[in-house]
Amino acid sequence: MNKKIVDNLNKPSLYKLLSMGMNKVLNFFKQHITYQAVLLLSLISFSTSYYGFISLVSDGALLTKFLFFAVVGVIQLALVYSISQLYLQEFFSRYVLRASLLLVTYLLSLFISVLFSFNFYYKIFSASEFSQRNVTLQLEAVKEGLEDAQSSFNAVYLSLKKLSDYSMEQSILERTRGGTCDETQIPKPGPRSALREAESKLFQSHLGSVEELKSKLSDEISIIKTMLLNFNPKKDNIEKLEEQVNDKISKINRLFRGGEISLLSKVLAKHNGSKRMSMQSLGRNISCPDSEISLKINTIVEHLNGLKQLNDVAFFDANDQQQLIERTINVLLAIIPFTNTKVVAIDKVSSPTDVTQSDIKAIGLGFLVDFFIFFFTILAKEPYRAKYFTAESIRQYYQYEVRRVLKPFVFENHFSYHIIIPNQKKNHKVEEILTRFKMDKMIVLVGNNVLYDELLFLHQSKLKHFNEVTFKVYKLNKQKYNSLLAYVDEFSNA
């Protein structure tokens with residue numbers, strides 16, 4: 001019975017077995033995969049960033065390509081190096097400045113890498129469909145503006161025709177019955193009859209011009225509809241298409257504020273309201289008030305005022321690097337909390353500045369690649385402070401009691417540390433530690449047989465018991481020594 005209990009106690013628990021297995025997997029992963037993974041991901045990040053950089057120039061000069069190659073290489077090295085040298089513990093030590101600089105370097109290189117990688121991923125995931133949606137939305141807006149203008153012109157044409165027909169009817173009535181301008185006047189050919197007839201002919205003449213403008217607008221709407229139907233973002237030259245559309249918009253806007261529209265408004269104003277109280281006809285000054293004509297003219301003027309100038313379009317061009325960078329910034333802002341930028345599906349885009357789900361995928365992939373570089377680099381690097389010392393050397397230094405033994409001989413200041421050892425009074429433990437320091441490249445001999453009087457006053461006050469001997473002076477690596485002491489303390493507390 002006792003034997004079974006002992007055997008059971010000697011068997012490792014399931015937790016220990018799982019822990020041992022996990023450690024073996026992690027060690028294998030760390031030794032055989034992490035470095036290769038970091039290298040592969042760095043090459044991917046480098047390639048996509050280089051693609052974004054090289055897209056900024058159009059000359060294609062070999063020197064330019066080489067310079068960008070070097071710039072992207074430095075950025076990629078900074079990305080990997082900064083995270084490989086960054087330790088969280090250093091933010092709570094005297095090395096906070098170094099840690100802060102490494103963090104800033106990492107974040108800056110990460111931002112640049114993602115920014116220019118976006119060009120590559122965006123063209124794969126989202127550029128063509130967003131470009132199509134962007135162009136389609138703006139062409140639709142132009143088409144709607146033209147249709148509104150056409151509707152206004154139709155209303156102007158119909159109202160002007162009614163005005164012309166009404167004036168002709170009043171001209172006939174004035175000749176046959178009289179009293180259309182002044183009920184006291186008897187019917188007869190005269191200035192009032194001539195005025196009515198002249199107004200009818202005048203309005204009729206402008207009716208033809210309005211019909212011509214209406215026909216031109218109809219043609220432009222057909223052209224815009226054809227552009228919408230045939231637009232292909234992968235084949236069409238976006239810049240050329242934008243130029244063509246803006247050229248048409250410019251011509252249409254000139255029609256809106258052109259001679260015929262301007263002239264028609266002025267002509268109608270002379271036959272409207274109080275102006276009818278003093279009008280010239282057959283060399284005479286007469287009055288011919290008519291509330292019906294004023295009402296019809298006011299209706300026409302209202303429709304003319306409803307003709308709004310069309311805005312120029314600014315199509316998104318996936319091949320324009322400046323637009324891509326602006327687009328990247330919009331997407332970056334969209335993923336920052338507390339911003340009002342909305343993320344929508346591509347078919348729900350209602351504004352050219354909307355950020356789509358495909359945009360997030362594109363920039364997310366750039367972040368993902370750099371995140372895995374971060375992850376594998378963290379996994380591959382040595383634990384904090386072990387970058388200088390192996391676990392075995394830390395154990396040996398712990399046995400040497402470095403802090404206690406060297407305390408009388410180590411001189412610290414803000415810029416450098418020194419070890420000053422008396423030549424004539426050997427200390428076996430001190431010599432062992434110095435030998436080990438030399439192996440770990442922690443000390444450099446800067447003075448031999450130095451006299452007591454040649455030492456600094458600060459040194460003399462601490463070594464006054466050795467004033468009759470000479471000294472060896474070593475410069476001690478400050479960073480390594482502090483790391484060693486901290487790691488020895490951790491080892492002793494473990």
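Numbers here are sequence positions counted from 1. Hydrogens, waters and symmetry mates play no part in the numbers below; they use all other heavy atoms, side chains included.
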Can a donor-acceptor pair be found, under 3.5 Å and without considering hydrogens, that links the side chain of [X] to the backbone of [Y]?
X      : Y      : answer
Lys214 : Ser209 : no
Asn253 : Gln309 : no
Ser117 : Ser113 : yes
Ser215 : Glu211 : no
Asn305 : Val301 : yes

Non-hydrogen atoms of [X] and [Y] that approach each other most closely:
X      : Y      : result
Val473 : Val450 : CG2-CG2, 4.0 Å
Pro422 : Val469 : CB-CG2, 4.0 Å
Lys429 : Glu401 : NZ-OE1, 3.7 Å

Within this structure, what is the [atom1]-[atom2] distance for the pair [X] and [Y], rounded to the nearest 0.5 Å?
X      : Y      : atom1 : atom2 : value
Leu102 : Leu107 : CG    : CG    : 11.0 Å
Thr105 : Leu77  : OG1   : CG    : 12.5 Å
Gln138 : Asp312 : CD    : CG    : 10.0 Å
Asn423 : Asn449 : CG    : CG    : 5.0 Å
Asp440 : Thr435 : CG    : OG1   : 11.5 Å
Ser393 : Met439 : OG    : CE    : 9.5 Å

Counting heavy atoms not belonging to [X], are there more than 12 under 6.0 Å from its [atom1]?
X      : atom1 : value
Phe372 : CZ    : no
Glu431 : CD    : yes
Glu239 : CD    : no
Gln244 : CD    : yes

Note to self: Between Tyr397 and Phe437, is the ring centroid distance below 6.0 Å?
What the structure shows: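 Centroid distance Tyr397-Phe437: below 6.0 Å, so yes.
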Check whether any side-chain heavy atom of [X] lies under 4.5 Å from a side-chain heavy atom of [Y], and answer yes or no.
X      : Y      : value
Lys438 : Ile443 : yes
Ile394 : Tyr398 : no
Ile249 : Val313 : yes
Leu264 : Val210 : yes
Ile83  : Leu79  : no
Leu476 : Met442 : yes
Lys441 : Lys480 : yes
Glu242 : Asn246 : yes

Checklist line | Any side-chain donor near an acceptor of the partner, Tyr417 and Asn477, under 3.5 Å | finding: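 Distance-only check fails for Tyr417 and Asn477.
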Check: Are a donor atom and an acceptor atom from the side chains of Gln76 and Ser49 found within less than 3.5 Å of each other?
Finding: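 Checked: Gln76/Ser49 side chains show no N/O donor-acceptor pair below 3.5 Å.
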Item checked: side-chain contact (heavy atoms from CB on, under 4.5 Å) between Val488 and Arg403, intermediate numbers included -> CA-CA 9 Å; Val488 166; Arg403 187 191 298 274; over 6 Å; no
Check: ring-ring contact (aromatic ring centres under 6.0 Å, His included) between Phe69 and Phe46: does it pass, once the steps are laid out?
Finding: CA-CA 9 Å; Phe69 185 90; Phe46 172 85; 5.0 Å; yes
Margin query: Less than 4.0 angstrom from a charged side-chain N to a carboxylate O is my criterion; do Lys143 and Glu140 meet it?
Written below: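 Glu140 and Lys143: salt-bridged.
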Checklist line | Tyr474 and its side-chain contact (heavy atoms from CB on, under 4.5 Å) partner, picked from Leu434, Val410, Asn448, Val446 | finding: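 Result for side-chain contact (heavy atoms from CB on, under 4.5 Å) with Tyr474: Leu434.
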Margin query: I'd like to know whether Tyr50 forms a side-chain contact (heavy atoms from CB on, under 4.5 Å) with Lys65, so could you lay out the CA-CA distance, the side-chain angles of the two residues, the decisive distance to 0.1 Å, and finally the verdict.
Written below: CA-CA 9 Å; Tyr50 179 70; Lys65 291 181 178 179; 3.5 Å; yes
Notebook entry, point to check: Can a cation-pi geometry be assigned to Arg436 and Tyr400, taking NZ or CZ under 6.0 Å from the six-membered ring centre and within 45° of the ring axis?
Noted result: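 No, a cation-pi geometry is absent between Arg436 and Tyr400.
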Notebook entry, point to check: Going by the angle between their ring planes, with limits at 30° and 60°, are Phe471 and Tyr452 parallel, tilted or perpendicular?
Noted result: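 Phe471 and Tyr452: tilted rings.
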Margin query: side-chain contact (heavy atoms from CB on, under 4.5 Å) for Asn230 and Thr226? Distances and angles first, verdict last.
Written below: CA-CA 6 Å; Asn230 297 333; Thr226 302; 3.2 Å; yes
Next item on the list: Start with the C-alpha distance between Ile419 and Phe411, add both sets of side-chain angles, then the distance that settles side-chain contact (heavy atoms from CB on, under 4.5 Å), and finish with yes or no.
Entry: CA-CA 6 Å; Ile419 299 177; Phe411 297 85; over 6 Å; no
